[in-house]
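Note that ligands are numbered from 1 as they come in the structure, with each ligand's atoms numbered from 1 the same way. Values reported hereafter were calculated over all heavy atoms of this structure, with side chains retained and with hydrogens, waters and symmetry mates removed.
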Amino acid sequence: MSRIFYLLIALSILIPSCVYESEESLYPGIAVCDTVNVTFSGIISPMLSSNCLSCHSNAKANISGSGIILEGYSNVLIMQDAIRNTIRHNASYSPMPKDAPKLKDCQIRQFEIWVDSGSPDN
Ligand code: HEC
């Protein structure tokens with residue numbers, strides 16, 4: 001047998017094993033979701049900043065957020081049940097974020113984990 005033949009066999013074994021599959025593409029929908037380090041400063045506050053504060057900041061609430069302020073820990077604490085219901089699109093609540101796609105499952109889970117762990121200011 002020629003060396004080329006063995007080379008081809010070796011390559012046919014090696015090349016497919018090098019195909020990269022991320023965890024996300026293998027398991028769509030249950031992509032890596034950090035459910036352990038769910039802190040207010042690290043996850044909850046940034047999530048609200050990017051998805052909600054364009055309407056619910058101190059400055060914008062009266063203009064576009066129906067007077068509801070979701071900026072800062074104490075405001076989020078007061079509103080936590082309503083936030084949970086709106087981001088889950090539960091019946092009888094206005095679905096939030098308004099006029100935008102639903103938050104990712106992971107983000108909703110993280111908010112619930114934070115609430116269920118006693119809504120710490122961490
Ligand atoms: C484009 C502006 C806008 C964005 C972005 C937005 N909201 Fe709202 N939100 C509103 C308005 C306006 C209301 C008043 C009710 C209505 O018009 O639907 C409201 C109402 C609410 C209420 C009270 C709803 C009820 O039924 O009692 C909560 C809680 C809330 N928003 C949370 C959020 C959260 C959490 C986000 C981000 C995930 C968010 N909102 C993003 C504009 C917005």
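- The proximity of Ser54 to ligand 1, defined as any non-hydrogen pair under 4.0 Å, is limited to the side chain.
- Every atom of ligand 1 is numbered from 1 in the order shown, and the set under 4.0 Å from a heavy atom of Leu70 is 32 (C), 33 (C), 34 (C), 35 (C).
- For His56, every heavy-atom contact with ligand 1 shorter than 4.0 Å involves the side chain, none the backbone.
- Asn51 pairs with exactly one of Gln107, Lys104, Met96 by the side-chain contact (heavy atoms from CB on, under 4.5 Å) rule, that one being Gln107.
- Using modelled atom types, one side-chain atom of His56 and one backbone atom of Ile68 make a donor-acceptor pair closer than 3.5 Å.
- Looking from atom 27 (O) of ligand 1 to the surrounding protein, the closest heavy atom is Tyr93 CD2, 4.0 Å.
- The shortest non-hydrogen separation linking Ile43 to Val38 is CD1-CA, 4.2 Å.
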- prompt: Checking side-chain contact (heavy atoms from CB on, under 4.5 Å) for the pair Arg88/Ile108: CA distance, chi angles, key distance, verdict?
  reply: CA-CA 7 Å; Arg88 288 184 58 159; Ile108 297 171; 3.7 Å; yes

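- A perpendicular orientation is assigned to the rings of Trp114 and Tyr73, their planes being inclined by more than 60° (bins at 30° and 60°).
- Between Pro97 and Leu103, the closest side-chain pair of non-hydrogen atoms falls below 4.5 Å.
- Nearest protein neighbour of atom 1 (C) of ligand 1, counting heavy atoms only, is Cys55 SG, 2.7 Å.
- Proximity to Ala82 (heavy-atom distance under 4.0 Å) selects the following atoms of ligand 1: 29 (C).
- Although no hydrogens or angles enter the test, the distance criterion places a donor-acceptor pair under 3.5 Å between the side chain of Thr86 and the main chain of Ile83.
- Of the N or O atoms in Asn51, none lie within a sub-3.5 Å distance of an N or O in ligand 1.
- Protein heavy atom in closest approach to atom 12 (C) of ligand 1: Ser64 O, 3.4 Å.
- In summary, no N, O or S atom of Cys52 is located under 2.8 Å from atom 8 (Fe) of ligand 1.
- When heavy-atom distances to ligand 1 are checked against a 4.0 Å cut-off, Asn85 has no atom that comes that close, whether in backbone or side chain.
- In the hydrophobic cluster analysis, where Ile, Leu, Val, Met, Phe, Trp and Tyr join through side-chain heavy atoms closer than 4.5 angstrom, Met47 is grouped together with Ile87.
- For a threshold of 3.5 Å applied to N or O pairs, the pair formed by Ser94 and ligand 1 contains at least one separation below that value.
- Rounded to the nearest 0.5 Å, atoms OG1 (Thr35) and CD (Gln110) are 8.0 Å apart.
- Looking only at protein heavy atoms, the nearest one to atom 16 (C) of ligand 1 is Lys98 NZ, 3.4 Å.
- Among all non-hydrogen protein atoms, the one lying nearest atom 24 (C) of ligand 1 is Thr86 CG2, 3.7 Å.
- The ligand atoms of ligand 1 that sit less than 4.0 angstrom from a heavy atom of Ser66 are 13 (C), 14 (C).
- At least one N/O/S atom of Met96, whether from backbone or side chain, sits less than 2.8 Å from atom 8 (Fe) of ligand 1.
- One finds the OG atom of Ser45 at 11.0 Å from the CG atom of Leu70 (value rounded to the nearest 0.5 Å).
- Near Ile83, meaning under 4.0 Å from any of its heavy atoms, are these atoms of ligand 1: 29 (C), 35 (C).
- For the pair Glu112 (side chain) and Arg84 (backbone), a donor-acceptor distance under 3.5 Å is absent.
- Under a 4.0 Å heavy-atom criterion, Ile68 is in contact with ligand 1.
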